[in-house]
Amino acid sequence: MGKETPVRTCVVCRQGKSKEELLRVIKTPEGEIKLDIRGKSNGRGAYICRDAACISAARKKRGLEKSLKTAIPESLYEELEKVIKDE
């Protein structure tokens with residue numbers, strides 16, 4: 001039997017997808033909020049689809065803020081949008 005692909009849930013649309021299909025945002029132990037491109041950094045993680053609609057909805061509904069229990073800087077949403085635009 002092969003290794004199973006880990007499934008994570010988008011904090012906005014609640015769809016389960018593989019880790020490769022999602023972007024991970026973390027709150028570090030120091031309280032810093034950042035995008036975790038490799039998916040290996042320490043900290044509390046929240047996943048969001050690589051989709052402009054989900055990022056926009058996260059901004060409006062504060063999905064990431066609720067998951068990470070902290071304020072999310074506008075610069076992070078801009079960074080998420082840049083990442084999906086560059087793909």
Side-chain angles (χ1 to χ4, degrees):
M1 285 197 186
K3 209 173 176 185
E4 285 189 35
T5 306
V7 175
R8 299 293 183 261
T9 303
C10 173
V11 297
V12 179
C13 68
R14 296 285 180 214
Q15 285 188 335
K17 298 184 178 185
S18 71
K19 288 172 76 170
E20 293 79 34
E21 295 178 81
L22 300 167
L23 293 169
R24 183 173 186 239
V25 177
I26 63 163
K27 179 180 179 183
T28 64
E30 297 79 36
E32 184 184 356
I33 302 296
K34 62 184 187 177
L35 181 59
D36 180 16
I37 299 290
R38 289 188 11 246
K40 305 269 187 218
S41 299
N42 281 346
R44 171 90 173 116
Y47 292 86
I48 187 166
C49 292
R50 294 176 179 262
D51 178 40
C54 273
I55 293 170
S56 177
R59 185 183 269 151
K60 286 185 190 121
K61 297 178 184 175
R62 299 177 178 233
L64 288 172
E65 291 183 12
K66 290 173 187 168
S67 285
L68 299 175
K69 297 180 175 70
T70 191
I72 303 296
E74 184 63 29
S75 60
L76 183 86
Y77 290 112
E78 291 166 6
E79 189 177 354
L80 288 169
E81 289 169 344
K82 184 180 184 305
V83 168
I84 63 163
K85 195 167 77 172
D86 291 346
E87 290 180 343

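Because only heavy atoms are used, hydrogens play no part in the values below, and waters and symmetry mates are left out as well, while side chains stay in.
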Review point. Nearest 0.5 Å, what's the CZ-NZ distance between R44 and K27?
Key: 9.5 Å
Revision key, fill the gap. A46 and V11 have their tightest heavy-atom pair at CB-CG1, 3.9 Å
Point to revise | Donor-acceptor pair, side chain of K34 and main chain of T28, under 3.5 angstrom | key: no
Point to revise | Hydrophobic cluster membership, I48 vs L68, 4.5 Å side-chain cutoff | key: yes
Exercise for review: Give, for atom CD of E21 and atom CG of D51, the distance between the pair rounded to the nearest 0.5 Å.
Suggested key: 11.5 Å
Check your understanding: Taking the side chain as C-beta and beyond, is there a heavy-atom pair between V25 and L23 under 4.5 Å?
Key -> no
Review point. Any sub-3.5 Å donor-acceptor pair from D36's side-chain atoms to S41's backbone N or O?
Key: yes
Check your understanding: At what distance, to the nearest 0.5 angstrom, does OG1 of T5 lie from NZ of K19?
Key -> 11.0 Å
Practice item. Go through I37 and V83 one step at a time and tell me if the side chain to side chain contact (heavy atoms under 4.5 Å, CB included) criterion holds. Key: CA-CA 9 Å; I37 299 290; V83 168; 4.3 Å; yes
Exercise for review: Any pair with a residue in residues 70-79 that passes side chain to side chain donor-acceptor pair (under 3.5 Å), sequence neighbours left out, goes on the list, sorted by first then second residue, please.
Suggested key: R59-E74
Check your understanding: For L64, which of I33, I55, V12, L80 qualifies under side-chain contact (heavy atoms from CB on, under 4.5 Å)?
Key -> L80
Review point. Are L76 and L22 connected, step by step, through hydrophobic side chains (Ile, Leu, Val, Met, Phe, Trp, Tyr) whose heavy atoms are closer than 4.5 Å?
Key: no
Practice item. Please report the C-alpha distance between K17 and C10 in whole Å, then the side-chain angles of each, then the deciding distance to 0.1 Å, and finally whether the side chain to side chain contact (heavy atoms under 4.5 Å, CB included) criterion is met. Key: CA-CA 8 Å; K17 298 184 178 185; C10 173; over 6 Å; no
Exercise for review: Grab the two heavy atoms, one from G43 and one from P29, that are nearest each other, plus how far apart they are.
Suggested key: CA-CD, 4.3 Å
Revision key, fill the gap. Connected to V7, directly or through other members, by ILVMFWY side-chain contacts below 4.5 Å are none
